[in-house]
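A short worksheet on the structure shown next.
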Amino acid sequence: MGYTWQYYDLVLLGILGSLVAGVVAGRLTSMEPQTTLVGFSALAAVVMAHGLFVNGPVDEPGDLTDEVEALN
């Protein structure tokens, strides 16, 4: 059975990709690296917000009240 990509794998890749793109854009263009990194970090924040709030890890708020089983 092979590995299948999940939504949160793509969220993590989106965060990493946007930060790397910010560094690369700062190196290859005439813009300041700090400026491009801040701009692409904002994109990473949007990706994180989508992963947390728009397509969150729970189906409904009631799922957050479920008790957690003991780990031992």
Side-chain angles (χ1 to χ4, degrees):
M1 183 172 163
Y3 183 78
T4 58
W5 288 90
Q6 301 293 320
Y7 172 74
Y8 289 103
D9 296 329
L10 298 178
V11 168
L12 290 174
L13 284 176
I15 294 166
L16 176 66
S18 65
L19 294 176
V20 169
V23 171
V24 169
R27 292 281 195 174
L28 298 179
T29 64
S30 62
M31 294 180 69
E32 290 290 323
Q34 293 85 0
T35 305
T36 59
L37 191 56
V38 167
F40 281 93
S41 294
L43 177 61
V46 169
V47 171
M48 284 190 290
H50 189 273
L52 288 172
F53 301 113
V54 175
N55 194 10
V58 294
D59 293 328
E60 57 188 38
D63 293 342
L64 297 172
T65 59
D66 295 339
E67 291 186 20
V68 178
E69 295 179 22
L71 297 175
N72 24 353

Please tabulate, one pair per line, all N/O donor-acceptor pairs under 3.5 Å involving side-chain atoms of residues 37-54, not counting sequence neighbours.
unit_1, atom_1, unit_2, atom_2, d
S41, OG, L37, O, 2.6
H50, ND1, Y7, OH, 2.6

Listed partners of Q34 passing side-chain contact (heavy atoms from CB on, under 4.5 Å), at least two apart: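 Testing Q34 for side-chain contact (heavy atoms from CB on, under 4.5 Å), a comparison that skips the adjacent residues, returns E32.
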
Extract all donor-acceptor atom pairs below 3.5 Å that involve side chains of residues 18-30 and protein atoms in other chains or at least two apart in sequence.
unit_1, atom_1, unit_2, atom_2, d
S18, OG, G14, O, 3.2
S18, OG, I15, O, 2.9
T29, OG1, A25, O, 2.5
T29, OG1, M31, N, 3.4

Minimum heavy-atom distance between Q6 and T4, given as atom pair plus value: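 Shortest heavy-atom separation between Q6 and T4 comes out as NE2-OG1, 3.2 Å.
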
Remaining members of hydrophobic cluster (4.5 Å side-chain criterion), L13: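 Members besides L13, by chain and number: W5, L10.
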
